[in-house]
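No hydrogens, no waters, no symmetry mates; every other heavy atom, side chains included, goes into these values. Quick note on labels: first sequence line is chain A, next is B, and so on, each numbered from 1. None of these values were measured; they are calculated from a predicted model.
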4 protein chains.
Amino acid sequence: MKAARLHNYGEPLQLDEVDLLKPKGASVVIRVGAAGICHSDIHFMHGEWQKAIPVKLPVTIGHETAGYVEEVGESVRGLVKGDVVAVFGGWGCGVCQFCKGGDEQLCNSPRWPGLSQSDGGYAEYMYVPSYRFLVKASGLDPKYIAPLTDAGLTPYRAVKKVRHMLNPNSFTLVFGVGGLGSYAIQYLKLFSPTNVIAVVRDEPKAKLAKEMGSDYIINSKNEDVVSSVNKITGNQGVNVVFDIVASKDTLDVGIACLKKSGALVLVGLMGSSFNIPVVESVINEYSVIGSLWGNYNELTEVISLARANKLKTVVNPFKLDEVEKAIENLESGKIQGRAILIP
Amino acid sequence: MKAARLHNYGEPLQLDEVDLLKPKGASVVIRVGAAGICHSDIHFMHGEWQKAIPVKLPVTIGHETAGYVEEVGESVRGLVKGDVVAVFGGWGCGVCQFCKGGDEQLCNSPRWPGLSQSDGGYAEYMYVPSYRFLVKASGLDPKYIAPLTDAGLTPYRAVKKVRHMLNPNSFTLVFGVGGLGSYAIQYLKLFSPTNVIAVVRDEPKAKLAKEMGSDYIINSKNEDVVSSVNKITGNQGVNVVFDIVASKDTLDVGIACLKKSGALVLVGLMGSSFNIPVVESVINEYSVIGSLWGNYNELTEVISLARANKLKTVVNPFKLDEVEKAIENLESGKIQGRAILIP
Amino acid sequence: MKAARLHNYGEPLQLDEVDLLKPKGASVVIRVGAAGICHSDIHFMHGEWQKAIPVKLPVTIGHETAGYVEEVGESVRGLVKGDVVAVFGGWGCGVCQFCKGGDEQLCNSPRWPGLSQSDGGYAEYMYVPSYRFLVKASGLDPKYIAPLTDAGLTPYRAVKKVRHMLNPNSFTLVFGVGGLGSYAIQYLKLFSPTNVIAVVRDEPKAKLAKEMGSDYIINSKNEDVVSSVNKITGNQGVNVVFDIVASKDTLDVGIACLKKSGALVLVGLMGSSFNIPVVESVINEYSVIGSLWGNYNELTEVISLARANKLKTVVNPFKLDEVEKAIENLESGKIQGRAILIP
Amino acid sequence: MKAARLHNYGEPLQLDEVDLLKPKGASVVIRVGAAGICHSDIHFMHGEWQKAIPVKLPVTIGHETAGYVEEVGESVRGLVKGDVVAVFGGWGCGVCQFCKGGDEQLCNSPRWPGLSQSDGGYAEYMYVPSYRFLVKASGLDPKYIAPLTDAGLTPYRAVKKVRHMLNPNSFTLVFGVGGLGSYAIQYLKLFSPTNVIAVVRDEPKAKLAKEMGSDYIINSKNEDVVSSVNKITGNQGVNVVFDIVASKDTLDVGIACLKKSGALVLVGLMGSSFNIPVVESVINEYSVIGSLWGNYNELTEVISLARANKLKTVVNPFKLDEVEKAIENLESGKIQGRAILIP
């Protein structure tokens, strides 16, 4: 079978012919229906994480995968050939306190496919070590499911962490309306009557934010974000900031927009660090909350939103052998919605 | 001024001419714009609560009031003549643990207007002992605000108590689609993507439930509720039951419809008691949660939903001197939405 | 190896010589160090649950087991021969929403050892299908660990469910100071400064309750519980009731002792059902909360309390071939603390 | 009566003879039993906050006061002359969302006595605008109660914010064992079985930390905090950091000590700002939580701990006319426990 593999950090992927593993025990081989391309893949391929996560190359990239069950190991239950499935990517050890607590993506010894030693989904087939990492998505098209396993899942967990703060007279600020942010806006509206303010940097994103349900749009190219937020909220500030970008700029502005007892939720990974003002944070009881990917049950919930036709997902499909072109387009900001590979 | 007062339990109200009190200190006199008529008023007037809440008659009925500020005491802040206000009815002492915790409606020594020694809103004017019991509703029509202070507020608190359980693949059962239930359905949809199943007993209520956003309707006149719930949920049962009726019948059925780890929220006051099965409740980790009225901040949130045009309120207006006719219509089930008095 | 097996409901256990299974894959064989004897075992052996949980006999009894790793399957990680381990008994499927959420004891298709088709711990050796059901207890004596896997675990989860309610000026009522209740009292004191009132029926239990840290003791043989609670609490009532007995009597009294916004936690399984008063539950915002056993992480926490010498565990040891005598003593109320089998 | 008043920022207080106000309405005059001296008083007197909180001088300092009811206004309920009371200092407007939610210390338009235009407790008598700001402390000595209203209250709220994280196998790091930190340690032990590690800078503080119940002590003069934490926790890190100092140093070290999913609670006000690493915070789901003073119910709970003899309070008493000496001692680090004025 064909697989797009990384042989050396910083070099293009190679489309290799590799052997297909045979599943045994609890493992499953799936035929890839679609594999999402994520900014994390690019960080990984550039070698930015090689110290933190040492990997023996070559390895197949891709942690956002959906497809069809091809073959199952002898102890797999509840799945048969042809079933549509999403691959939950936060593969955990199953026994540490985080796995046992239901947050496998926080596992103490994780094996994330396509981002560690385990091969990912930029391939015709993918080997998944346990059927416990698959979520059924019967009747759905893998094309629209693959992006849900990360781009759709990450903001879902983040929104649920502060769901109790999203009340009728509240305001919520979303920085970044790309792959993740467009879901964030949708979840905010599905889970609350909060008033959403999206911060964008161009007109197409402004249009997208509007379509996803944002009540207000601030274009940070033309407008000062803090002043605009003050105008919209009557100088109250916002209850919650979702920072999908998390660069130094957005974070400083985000804190400055917070209302008393407000929360800033960190989702993005762009910046290296940012400053928190101590006295203001105490006096106003601010909180800053990191949120990582999502867990298995959360993915199940996201997929059930898709099944109920409550989620809009925009995809930009490429063939597997166009992988390098897809990556270039993503890097140069030409992708609308999520770039996906269809083997 | 005119006030509809109860002189003897079980007798009709009398339209008396009474003196208007002059506000001093923190107190406020409001000109009543609308006063909702509630089943609780009827219980009170029939004398059902005279042992629990001893009152020296006559007293003016009415705990669901909205109107206009007429005159303010010298220490009132932030209000001027003409301001539209809703009267928060759970008047607390301000110093017990419940008042200090923000739940004045649970106060250890409450004075609920129209249901205790304090005069209520079935009158041309109403004396409110503190401006801290008034919520601003600028720009809104008291007619649509009065019902929010109880019928609209009570299910709001109840829904927020279990908001964290209302997830995409969940089901929620609502018993009773009258004054309170129609709001319950709306809040469930505003605060979550849960699938709502309403249980009604006639076609007009079925139609109303549909309009309010219910996904499924069960008419308990023709259908067995448990079987219908099993069919709708694929034998899973429901995550949450809101029992607005809370009669012995609905409660037993409600418990029987629960899914593992489900909750039954008690809002209604019809029944005297019901049976909880011990082994099932432990094995399935059921919970039963009582919910009383709502607090001041919750009322503020409800009113801000109304301001944002996110709430449908159906009213059935009567003049103040038609109060007895209005009560008769309510008792005989002829009211659609909420009966209100317009002085 | 020897195993105490049930061949027919209602008949004594037989001490059979059975083959020892060889572990493969993720499974582990442990040499039993101690096996607790629980009232649930007796219910099971009497056939009370044969309709709810159909089992093909014979089966080895025992769901409260600790011991030493004897042999491990080829994919087991982190365990070697001789390691002291506790067996977590709530064996789940690993993939349903409850397992994935960290509450395997609530699994939709559970296999509880000794209480279903899977053999339990009344034996020299026990086969455990996955090392993910074992908790390390290095350096501890299995004798004091076995009771923690159920008697010690169940009240732990129950106490943590209402931990946020256990504040300095609160009162907590515990019904039943036997195997579970003595832990409940200890956890209440370890996790809060609440004032504990234990209800007992004889002097030895009163003494035990005192030793475990109870602040007040009510002997329900001589005293009216409600009056005594009123005296102790200055007529306020209690914030939380833990009903470890959960008979009709204790439950009715429990509800009658609750303070406004109080909670009754159901842990015991004695009664069949009880009455909840509707109006009182709404007006006072009572809640009733079922709690089942505990999950893996909770067991880990309980064991770390034992390791830190913060838990008192009283055991009453019997040899494996004395199993029938041990059961008789438990049934006739002669056991102090927890009866355990030492093979 | 005598009052220690600030006439000009940066100058010594003057002991003035001022008129005693007569209480009316809901207000109360108390005879001061003791007034705590806090670092915040010094910040205020130095004029550090004069831009943030403009005040027309002179004003009487002191926001930590307990004493005896001297005279009550005509609408005061539940208090008579001679009652021992603590003054809750977070005087709120009573009607904003924070006051109505029970967190008056977060009020949108606060009047903190001794730190704003309202006179505080460095005086023989103090005027309190509402009996709703007094907590009964019958039978207790004002000397030990005054420090509880801020030094004792602030860490109480902070500990309760993360109470659910303080489990048996957890570690909690406390920076600063002075006025507030010694209470923090006590609350941690009263509310949980967490393992407390105190960071101190000298031997007397090490001794104090031990007495208060700290399980481990790190002296940051001799030891590297991160290495010592790693040694104590077996390289796991700590679940919670309470930073009572909150200087740039302690905060950076605090973040570096956190375990995955850990929280840093900000209580102190020393530093101006600190850096949060973005990627680590997301990957590890860290949170940073600001906590301000405490609310009325929390003060009630703290006082009930004192009544139950569960709190150790060390005071260093001075006469009212020794106020400048007391302040000098505090500034030069010579105070053990809390400095208090006894008029």
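Annotation: side chain to side chain donor-acceptor pair (under 3.5 Å) contacts of D/Ser118 (sequence neighbours excluded): none.
Chain D is approached within less than 4.5 Å, heavy atom to heavy atom, by no residue from residues 285-295 of chain B.
Results of the side-chain contact (heavy atoms from CB on, under 4.5 Å) test with D/Lys100 over B/Val135, B/Thr300, B/Asn297 single out B/Asn297 as the only residue that passes.
Heavy atoms of B/Glu104 lying under 4.5 Å from chain D belong exclusively to its side chain.
By number of non-hydrogen pairs under 4.5 angstrom with chain B, the leading residue of D/Ala26, D/Cys99, D/Ser75, D/Cys93 is D/Cys93.
Within 6.0 Å of NZ on B/Lys310 lie more than 12 heavy atoms contributed by other residues, nucleotides or ligands.
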